[in-house]
Amino acid sequence: MSITESDFAARLEKLAEIRNGAHQGPSPKATERQHAKGKLTARERIDLLVDKDSFTDLEPLRRHRASGFGLEANRPYTDGVVTGWGTVEGRTVFVYAHDFRIFGGALGEAHAQKIHKVMDMALAAGAPLVSLNDGAGARIQEGVSALAGYGGIFQRNTQASGVIPQISVMLGPCAGGAAYSPALTDFVFAVRDISQMFITGPDVVRAVTGEQVSQNELGGADVHSEISGVAHAAYDDEESCLADVRYLLSLLPSNNRELPPEAEGATDPVDRPLNNLLDIVPTDGSASYDVRDVIAQIVDDGDHMEVHATWAPNIVCTLARLDGQVVGIVANQPTAMAGVLDIKASEKGARFVQFCDAFNIPLVTLIDVPGFLPGVDQEHDGIIRRGAKLLYAYCNATVPRVSVVLRKAYGGAYIVMDSRSIGADVALAWPTNEIAVMGAEGAANVVFRKEIAAAENPDEVRRQKIEEYRRELVHPYYAAERGLVDDVIDPRETRSALARSLAMLARKNADLPRRKHGNPPQ
């Protein structure tokens, strides 16, 4: 039977009605309730993330096929998740966004299959995946089918790890097993007051332990960005959060087969002298300064994006551009715990180094480290195995690696911070550097212990021995004389020295031994 022109027009009108309904969501009241919570809708979020008019819907007319508990009478289009792709600064990005207005964003079988499909497409296309999370967990009415859907997401997160960038944005509640998908991704962004993550909620905690705690106190954005380290950054609103996600994507390659995008029209001269560094970094090794001020001097236009800024602040991990090229910078932070390495700092640095290595981002390490943090708690909590994560990450990295000793570099912590001995391609130092097993004061007390104890004037002998040790082993050129650093440079030339070194290493080719995978310390 042929379709008349009027029938075809009616069908087009029906299609437009269905598609418009799927796009608008369940009802204006549901949208009002979402806005009343201080939250945007799924499509409003996508519009903030991707370039204008670039988003293409994937399966917008999908509906669930479940029955029971009244589900057969409630079959909204999209099934509570918007999936598709768009562009960010012209480059393809895949997205899925939970729609809390439909089933509270809860994951059912059809919902999960949509996410599986967009994840598979992102991996096949070699493009980043961004998840905008605002869901209530598994759809209880669909039972084990919903749980199996999460399993499929976790498997795909793992398969895509190190292949395409994966970014999770927490914009609502995320409880139970659902929290593990964000934990498997490269970056987690959270918005204060509206997002929470926890394995067991406040009610379960209260029932089991008797502890009284609110959702935000248990798993809010600040908890995870400052205490647990689950979130890389916390924001006051969705707009600023998604703007930073866009900025992060502009710094990352689309996949592990590409190099990070080069900035077009860079105007910051690579040979710009860094005169301010002489004022920023005190020559006294015990005096504090903010290493982020050093980073701002070195990188293009002073612009960089720090990750985990409020967690383990004694080490700084940040992405920036140097002469237009993206670099990952790891730096000890003297303003926090004097820049010592501890468990959290080691794990934070290791994760960042591994990410940069996976996505072809060269590493610059700025060293000013007095050692590892001593203490019973650190030892009992596993500083040996957990501190070794940073060592393993650097030793395993094949991207260009350049290190600069700014001031002190003592003991095993110096080795761990990408020293020449573990594979740094270029090792530089400022003339203020002190590279040694330990500081002169501590070393003299150990090496000359008997002489000091037997002296008539122990304090005077100790002072003499400290100066002797410093003169013989801790002077700025000791390491250079033995080839442990390639050069001692004027601090004002740090930017140009780094740029020249990275340009030379641009075509670095380093292969690891053939193996299924390593077994890093846990």
Side-chain angles (χ1 to χ4, degrees), residues 25 34 37-50 58 78-84 93-108 111-119 122 128-139 146-147 149-154 156-158 160-161 165-199 201 215-216 218-225 228 230-235 237-246 248-249:
Q34 181 80 350
K37 297 174 183 176
K39 294 161 54 173
L40 301 174
T41 65
R43 293 186 185 277
E44 288 171 340
R45 290 164 173 166
I46 291 172
D47 287 343
L48 286 174
L49 174 66
V50 301
L58 181 66
T78 74
D79 200 47
V81 63
V82 179
T83 59
V93 173
F94 287 82
V95 184
Y96 70 85
H98 299 296
D99 191 340
F100 196 83
R101 300 171 301 170
I102 298 175
F103 299 126
L107 181 138
H111 182 122
Q113 288 173 349
K114 288 183 65 175
I115 295 175
H116 295 170
K117 185 168 185 177
V118 78
M119 294 179 79
L129 175 71
V130 179
S131 62
L132 306 179
N133 298 274
D134 187 8
R139 196 173 299 169
L147 293 179
Y150 273 124
I153 294 173
F154 302 157
R156 288 167 173 82
N157 284 138
T158 304
S161 181
Q166 300 180 84
I167 301 172
S168 298
V169 188
M170 313 312 298
L171 301 167
C174 186
Y180 282 117
S181 176
L184 290 169
T185 61
D186 299 305
F187 293 95
V188 177
F189 291 73
V191 176
R192 294 182 179 92
D193 298 328
I194 65 171
S195 68
Q196 300 88 29
M197 298 173 68
F198 34 70
I199 299 301
Q215 287 194 350
N216 276 325
L218 182 63
D222 287 325
V223 167
H224 287 308
S225 64
S228 74
V230 171
H232 291 74
Y235 298 85
D237 55 74
E238 298 188 38
E239 291 82 0
S240 59
C241 176
L242 293 170
D244 260 12
V245 174
R246 282 180 59 90
L248 174 60
L249 287 167

> Roughly how far apart are Glu44 CD and Glu239 CD, rounded to 0.5 Å?
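CD of Glu239 is found 9.5 Å from CD of Glu44.
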> Can you confirm whether Ser168 sits close enough to Asn133 that some side-chain heavy atom of one is under 4.5 Å from a side-chain heavy atom of the other?
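A side-chain contact under 4.5 Å exists here.
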> Assess the residue pair Arg43 and Val82 against the criterion (side chain to side chain contact (heavy atoms under 4.5 Å, CB included)); give the C-alpha distance rounded to whole Å, side-chain angles, the decisive distance to 0.1 Å, and a yes or no.
CA-CA 7 Å; Arg43 293 186 185 277; Val82 179; 3.7 Å; yes
> Would you name the heavy atoms of Leu171 and Ile194 that are closest together and state the gap between them?
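Here Leu171 and Ile194 meet closest at O-CD1, 3.8 Å.
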> Please name the pair of heavy atoms, one in Val188 and one in Pro182, separated by the smallest distance, quoted to 0.1 Å.
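Result for this residue pair: CG2-O, 3.4 Å.
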> Could you check whether any side-chain heavy atom of Gln166 comes within less than 4.5 Å of a side-chain heavy atom of Asn157, counting everything from C-beta outward?
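With C-beta onward as the side chain, the pair touches.
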> Evaluate the criterion side chain to side chain contact (heavy atoms under 4.5 Å, CB included) for residue pair Met119 and Ile153; output intermediate values, then yes/no.
CA-CA 8 Å; Met119 294 179 79; Ile153 294 173; 4.0 Å; yes
> Is there a side-chain contact between Ile199 and Tyr180, using heavy atoms and a 4.5 Å cut-off?
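A side-chain contact under 4.5 Å exists here.
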> For Ser181 versus Phe154, what's the shortest heavy-atom pair and its separation?
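Minimum heavy-atom contact is N-CE2, 3.5 Å.
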> Mind running side chain to side chain contact (heavy atoms under 4.5 Å, CB included) on Val191 and Met170 for me, showing each step along the way?
CA-CA 7 Å; Val191 176; Met170 313 312 298; over 6 Å; no
> Under a plain distance cut-off of 3.5 Å, with no hydrogens placed, do Asp134 and Gln34 share a side-chain donor-acceptor pair?
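Side-chain D/A pair, Gln34 to Asp134: present.
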> On a heavy-atom basis, which atom in Asn216 and which in Ser195 lie closest, and how many Å separate them?
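Heavy atoms only, the tightest pair is OD1-O, 4.0 Å.
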> Using modelled atom types and a 3.5 Å cut-off, is there a donor and acceptor pairing between side-chain atoms of Asp186 and backbone atoms of Ile167?
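Between the backbone of Ile167 and the side chain of Asp186 there is no qualifying donor-acceptor contact (under 3.5 Å).
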> Between Arg45 and Val169, is there a side-chain heavy-atom distance shorter than 4.5 Å?
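The answer is no; the side chains never approach within 4.5 Å.
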> Do the ring planes of Phe187 and Phe189 sit parallel (below 30°), tilted (30 to 60°) or perpendicular (above 60°)?
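Because their plane-to-plane angle lies in the 30° to 60° range, the rings of Phe187 and Phe189 count as tilted.
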> Which heavy atom of Ser225 sits nearest to which heavy atom of Ala233, and what is that distance?
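Closest approach of Ser225 to Ala233, heavy atoms only: CB-C, 4.3 Å.
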> Could you grab the distance from atom CG of Leu248 to atom CG of Leu242, nearest 0.5 Å is fine?
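Nearest 0.5 Å value for the CG-CG distance: 12.0 Å.
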> What distance do His116 atom NE2 and His111 atom NE2 have between them, rounded to the nearest 0.5 Å?
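Output value for this atom pair is 9.5 Å.
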> Please round to the nearest 0.5 Å and tell me the distance separating atom CD of Gln113 and atom CG of Leu107.
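It comes to 10.0 Å.
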> Any non-hydrogen side-chain atom of Arg156 less than 4.5 Å from a side-chain atom of Leu129?
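Counting from C-beta outward, Arg156 and Leu129 never come under 4.5 Å.
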> Any side-chain heavy atom of Leu58 within less than 4.5 Å of one from Lys114?
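No - every pair of side-chain heavy atoms lies 4.5 Å or more apart.
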> Between Leu40 and Asp47, is the side chain to side chain contact (heavy atoms under 4.5 Å, CB included) condition met? List the steps.
CA-CA 10 Å; Leu40 301 174; Asp47 287 343; over 6 Å; no
> So do the side chains of Val223 and Met197 get within less than 4.5 Å of each other, counting heavy atoms only?
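Result no, sub-4.5 Å side-chain heavy-atom pair not found.
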> With a 4.5 Å heavy-atom cut-off, do Gln215 and Phe198 have their side chains touching?
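Yes, side chains in contact.
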> Where do Arg246 and Val50 come nearest, in terms of heavy atoms and distance?
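Minimum heavy-atom separation between Arg246 and Val50: NH1-C, 3.5 Å.
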> Distance from Thr185 atom OG1 to His232 atom NE2, nearest 0.5 Å?
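Answer rounded to 0.5 Å: 8.0 Å.
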